[in-house]
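First up is the structure itself, then whatever we jot down about it.
In each ligand, atom 1 is the first atom listed, and ligand 1 is the first ligand listed. Computed from heavy atoms alone, side chains included, the values below leave out hydrogens, waters and symmetry copies.
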Amino acid sequence: MAHYDAIFKNGTVANQDGVHAADIAIRGGRIAALGSLTADSADQITDCTGLHILPGVIDTQVHFREPGLEHKEDLASGSLSAVMGGVTGVFEMPNTNPLTVTRAAFEDKIARATGRMHCDFAFFIGGTHENVAELPELERLPGCAGVKVFMGSSTGTLLVADDDGVGAILEAIARRAAFHSEDEYRLEERKPLRIPGDPRSHPVWRDPEAALRSTKRLVALAHEYGKRIHVLHVSTAEEMVFLADHKDVATVEVTPHHLTLDETAYDRLGTFVQMNPPVRDKAHRAGIWAGVANGVVDVLGSDHAPHTIEEKQKPYPNSPSGMTGVQTLVPIMLDHVNAGKLSLERFVDLSAAGPARIFSIARKGRIAAGYDADLTIVDLKRRETITNNWIASKAGWTPYDGVAVTGWPVGTILRGSTVMWQGELVSAASGRPIEFMETMQPPGSFSP
Ligand code: DOR
C-alpha cells in the first residue's frame, strides 16, 4: 500500500492505450501510478465516477493581449478563461504592444505571467526582417514555443510578406516555426472587394487562393532550407490536400471555429464571426474535417483572439478580426465527439499528444508515469448551453452564445493541483513556463 498526494479515483482514462477505467495517483505534481489503486491512500481523493479523464488540453494558439491591449484581455483573465474551459496549457502569440520580438519583451511576458496565469504557458517570439540575426538565441529562451511569422497582415503590425524575408528566418532558426499563411500581395490587390457594412465580403477579400498561394510558397521555402514549419489555422480544403503531400516538413493546426462555423454564420453573427483567415463555406469546412479524419491535422488551436463588443460592433471593415475560443474549445469539440465527427482518442491526439509531439514539449501530453499531472476531466454526457455570461475572458462574448452542447469540462488539474472544479476556480494562479526539449539542451545537440 502506497501513500500519494492525490488520487483521482473511478474515472475512465482516455489515453495512448485507449479508453479504459483507471485510477491516477500523483506525487510531487507528477503522475506516480496508474491502474486499480484501491489499496492505496492519498492526502486528497477525488471521486471521478462517471467522468472521463484526458491528458491536460494544450491550446497552441491564443492571443492574451498583454502588454498593451489589456482592455481586451490580460494574462490573468485569458488564462482564467482557459482553465474554466478545461485547458491546462497555452501558447501565446507575439502581436502584443510592444510586439514580442526582443529578449526584453519576451522576458517581460514571462515575468508578467508568473504568479498571475492560471495555466501553464509558453510564448511565441515574433519573427521580423529586423530581428532575424537574434532569432537563434530568442527561439531558445526558456518558455519560448518557437518563432511565429505573419505572412499576411492581421491584428497588429507583424508582417514578413516576402519569400526572401521568410527564407532568411527559416535559414536562421533550428526549431519548428509557426506561420499565419495568407498571401499579403493578393490581400492588398483584393482590398477593394471589401463591401463596407457587409462582413460576408470578408472571405471574398481574403479568398481561398490567398491562403493556398501563401502555403505553397511557405512549403517550397521549408524544402529549400530544410526546416520544419507549422501552418496555423488552415482554412481551405485545397491547402489540406496540398499539405498531405508535404508531411515531411509541415504540421497542421485547425481551429474549432473553422470546424464548426460556415458562411451561414455571417448572417447570424455579422462582424462577430470575422476572423483571419476567414470562416468559409461548407465545402471548405468539410475539407478541414477530412484532414482531421485522415490524420493530416496535428493539433487544435483555438486562435482565441478577444476584442471588446464595442470594437466588434464597428461597421465592417473597421471591425477587428478575431473571436474568443480558449474556453469553448473543449465543449465544442466534445460535442463533435458526441456527434460522431471524431473519436475521443483523436481529440486527445489533437489536444495533448499532438502538441507534445510536434513542439517537443517535455513531460506533457499524455497520462503516463513521470509526466506532469495535467488533467482535463470531462462529463461526456452533460448537456449545457454555452452563454456569454459563462465566458471569463474580458471580452465577455462567444460566437456560441446560446448554443447547446453535449460534453462539458468539469475539472482542470494542473501539475496535480485542482484549479477548476465544477465551474469554480479553486486555487490561486500557479502557472509555470512549459519546458521544451530543444531548449533544455545545448545548441546543436538536439536532433528531432
Ligand atoms: O482573426 C485573427 N485575429 N487572426 C489573427 O491572425 C490575429 C488575431 C488577433 O490577434 O486579433
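Within the 4.0 Å heavy-atom criterion, the part of H63 lying near ligand 1 is the side chain and not the backbone. If you look at H180 next to ligand 1, the close heavy atoms, those under 4.0 Å, all belong to the side chain. Contacts between H307 and ligand 1, counted as non-hydrogen atom pairs separated by less than 4.0 Å, involve the side chain only.
The closest protein non-hydrogen atom to atom 4 (N) of ligand 1 is N276 O, 2.9 Å. Protein heavy atom in closest approach to atom 7 (C) of ligand 1: S154 OG, 3.3 Å. At the shortest separation from atom 3 (N) of ligand 1 among protein heavy atoms lies S321 O, 2.9 Å. Nearest protein neighbour of atom 9 (C) of ligand 1, counting heavy atoms only, is T155 OG1, 3.1 Å.
Considering each of G322, P320, P306, A305, the one bringing a non-hydrogen atom nearest atom 8 (C) of ligand 1 is A305.
V299 has its side chain out of reach of L350: every pair of non-hydrogen atoms, C-beta onward, lies at least 4.5 Å apart. Within the 4.5 Å cutoff, the side chain of E238 has no heavy atoms near those of the V241 side chain. In this structure the side chain of H180 never reaches within 4.5 angstrom of the side chain of M151, judged on heavy atoms. Between M240 and V254 there is a side-chain heavy-atom pair separated by less than 4.5 Å. Taking the side chain as every heavy atom from C-beta outward, V160 and E184 never approach each other to under 4.5 Å.
Relative ring orientation between W205 and H202 is described as perpendicular, the plane-to-plane angle rising above 60° on a 0-90° scale split at 30° and 60°.
Of all the atoms in ligand 1, the ones that sit under 4.0 Å from a non-hydrogen atom of F150 are 6 (O). Remark: ligand 1 atoms within the under-4.0 Å shell around heavy atoms of M275 are 1 (O). Near N95, meaning under 4.0 Å from any of its heavy atoms, are these atoms of ligand 1: 9 (C), 10 (O).
By the 6.0 Å and 45° rule, R175 stacks over the aromatic ring of F436.
Checked against a 3.5 angstrom limit, the closest N/O atoms of Q274 and ligand 1 fall outside it.
Note on ligand 1: R65 sits in its first shell, one or more heavy atoms being nearer than 4.0 Å.
Side-chain contact annotation: H230 with T251, donor-acceptor N/O pair under 3.5 Å present.
Checked options H304, H118, Q61, M117; the residue passing with V90 is M117 (criterion: side-chain contact (heavy atoms from CB on, under 4.5 Å)).
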